[in-house]
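Contents: one structure, followed by commentary.
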Amino acid sequence: MPELPEVEVVRRGLDRWVSGRTVGSVTVLHPRAVRRHAAGSEDFAAQLAGRTLGPAQRRGKYLWLPIPGTGSSLLGHLGMSGQLLIQPEDAPAETHLRVRLRFADDTGTELRFVDQRTFGGLAVEDADPSDPDAAPLSLAHIARDPMDPRFDDNAFLSALRRRSTGVKRALLDQTLISGVGNIYADEALWRAKLHYERPADTLSRAQAALLLASAREVMAAALAVGGTSFDSLYVNVNGEPGYFSRALDAYGRENEPCNRCATPMRRAAWMNRSSYFCPRCQRLPRPR
């Protein structure tokens, strides 16, 4: 599933190519793509037609474009395979094209939502009408992410160190910190030399701060090269993949030498996923 860097790459593309444009028409080709819009496909299209879209914004893995003057926003989530693509209007339809937004200008390009597995989706949702920068109301429970200028480091560090759960589980808790998924959790833990099952409440403040800094560093590095692509499902709005998979230190490197100590990396089954770690650099402390 796309994580913070990949979603931020898409947000920047939307901000460049979609923000400020007026929607001319909307075609919903698969109702599941707008299942989060409770009023249905026709209402979804009616809410957008003739509306100008504001600056693209993001909270963790969610994207939205405010609709000025309405108190609502076009909200999107990519799920596991969703793509928001800018395409020429006369380009052939993709096999898994779900929603098409055409604009009222004459630039000849449109926004397409393509989703092979249909786990992602679009919706028009209300936000706090008193705050033009507010996230849609459905995102109120999602914490800010570490790349957000308003992320509260001290509050996060204190909350993290109160958790008795494993530190990786805490990193994936979107109510504590958003945008961090399996790949970047493993990468941050490797950089901070922490075992994924280390109880978060055993971390010193310095260790917790190093982990937060490591998460920021690895996501900034991924963002600089367009994110991480392992297959054709994640691409930016121009259909281009990201290249951070070439620079991963932990994720996907089972039996390869650790880039720090040369010990073979290990993979462990974890919560129906995998955790990759160095058994020498990231040792699990003895129970207290």
Side-chain angles (χ1 to χ4, degrees), residues 2 5-37 39-58 61-70 72-125 127 132 136 223-227 229 231-243:
E6 292 78 43
V7 179
E8 174 62 14
V9 168
V10 175
R11 185 204 68 79
R12 293 181 181 184
L14 292 175
D15 203 47
R16 177 179 179 184
W17 298 104
V18 176
S19 296
R21 299 177 73 181
T22 300
V23 178
S25 64
V26 179
T27 305
V28 177
L29 300 169
H30 196 303
R32 183 170 168 79
V34 294
R35 65 191 180 281
R36 293 180 177 87
H37 189 88
S41 300
E42 291 185 7
D43 184 77
F44 172 80
Q47 293 277 354
L48 291 172
R51 299 293 186 179
T52 300
L53 301 176
Q57 301 183 50
R58 178 185 53 76
K61 302 174 187 179
Y62 286 86
L63 297 157
W64 73 92
L65 294 103
I67 306 173
T70 68
S72 59
S73 298
L74 172 60
L75 174 67
H77 191 275
L78 300 179
M80 295 185 69
S81 60
Q83 301 171 344
L84 286 164
L85 303 175
I86 301 297
Q87 295 281 43
E89 291 181 353
D90 57 358
E94 292 80 2
T95 302
H96 303 291
L97 177 61
R98 308 304 187 192
V99 181
R100 184 200 308 267
L101 274 73
R102 288 191 165 166
F103 298 100
D105 53 42
D106 57 359
T107 61
T109 60
E110 63 186 23
L111 176 64
R112 298 180 179 182
F113 180 63
V114 178
D115 192 1
Q116 176 178 328
R117 299 175 182 173
T118 63
F119 291 153
L122 305 177
V124 176
E125 290 196 7
L223 182 57
V225 292
S229 296
D231 53 36
S232 61
L233 294 183
Y234 163 69
V235 292
N236 66 16
V237 297
N238 296 315
E240 300 165 342
Y243 296 99

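Below, all heavy atoms of this structure are taken into account, side chains as well, without hydrogens, waters or symmetry copies.
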Q. Distance from Asp115 atom CG to Leu84 atom CG, nearest 0.5 Å?
A. 9.5 Å
Q: May I have the step-by-step check of side-chain contact (heavy atoms from CB on, under 4.5 Å) for Ile86 and Leu111, ending in yes or no?
A: CA-CA 5 Å; Ile86 301 297; Leu111 176 64; 3.9 Å; yes
Q) Going from CG on Asp15 to CG on Leu53, what distance comes out if it is rounded to the nearest 0.5 angstrom? A) 11.0 Å
Q | Within 6.0 Å of CZ in Arg112, more than 12 heavy atoms from elsewhere | A | yes
Q: For the residue pair Gln87 and Glu94, confirm or rule out a side-chain donor-acceptor distance under 3.5 Å.
A: yes
Q | Exercise: identify the closest heavy-atom pair between Leu14 and Ala56 | A | CB-CB, 3.9 Å
Q) Can Val34 and Val124 be said to form a side-chain contact (heavy atoms from CB on, under 4.5 Å), step by step? A) CA-CA 9 Å; Val34 294; Val124 176; over 6 Å; no
Q) Mind checking whether His37 and Phe44 have parallel, tilted or perpendicular rings, split at 30° and 60°? A) perpendicular
Q.
Is it the case that the side chain of Ser73 and the backbone of Leu75 share a donor-acceptor pair, with hydrogens and angles ignored and the cut-off at 3.5 Å?
A. no
Q) Between Pro55 and Pro66, what is the shortest heavy-atom contact and its length? A) O-CD, 3.0 Å
Q: Flag yes if more than 12 heavy atoms outside Glu89 fall under 6.0 Å of its CD atom; otherwise flag no.
A: yes
Q) When you measure from the side chain of Arg98 to the backbone N and O of Phe113, does any donor-acceptor pair fall under 3.5 Å? A) no
Q | Nearest-0.5 Å distance, CG of residue Leu29 to OG of residue Ser41 | A | 9.5 Å
Q: Kindly determine whether Val9 and Leu223 satisfy side-chain contact (heavy atoms from CB on, under 4.5 Å), including the steps that lead there.
A: CA-CA 7 Å; Val9 168; Leu223 182 57; 3.6 Å; yes
(Q) Return the OG1 to CG distance between Thr52 and Leu65, rounded to the nearest 0.5 Å. (A) 11.5 Å
Q. For Arg102, what residues pass the side-chain hydrogen bond (donor to acceptor under 3.5 Å, both in side chains) criterion, not counting sequence neighbours?
A. Glu110
(Q) Side chains of Leu101 and Leu74, heavy atoms from C-beta outward: is any pair under 4.5 Å? (A) yes
(Q) Tell me the closest heavy-atom pair linking Thr109 and Phe103, and the distance in Å. (A) O-CD1, 3.6 Å
Q) What are the two closest non-hydrogen atoms of Leu97 and Ala93, and how far apart are they? A) CD2-CB, 3.8 Å
Q: Could you tell me whether the side chain of Ser81 and the main chain of Arg117 form a donor-acceptor pair under 3.5 Å?
A: yes
**Q.** Interatomic distance, Arg11 atom CZ to Ser19 atom OG [nearest 0.5 angstrom]
**A.** 8.0 Å
Q) Can you find a side-chain donor-acceptor pair between Arg21 and Thr107 that sits under 3.5 Å? A) yes
**Q.** Donor-acceptor under 3.5 Å (Arg35 side chain, Arg32 main chain)
**A.** yes
**Q.** Non-neighbouring partners of Glu125 that pass side-chain hydrogen bond (donor to acceptor under 3.5 Å, both in side chains), sequence neighbours left out
**A.** Ser138
Q.
Nearest 0.5 Å, please: how far is NE2 in His77 from CG in Leu122?
A. 11.5 Å
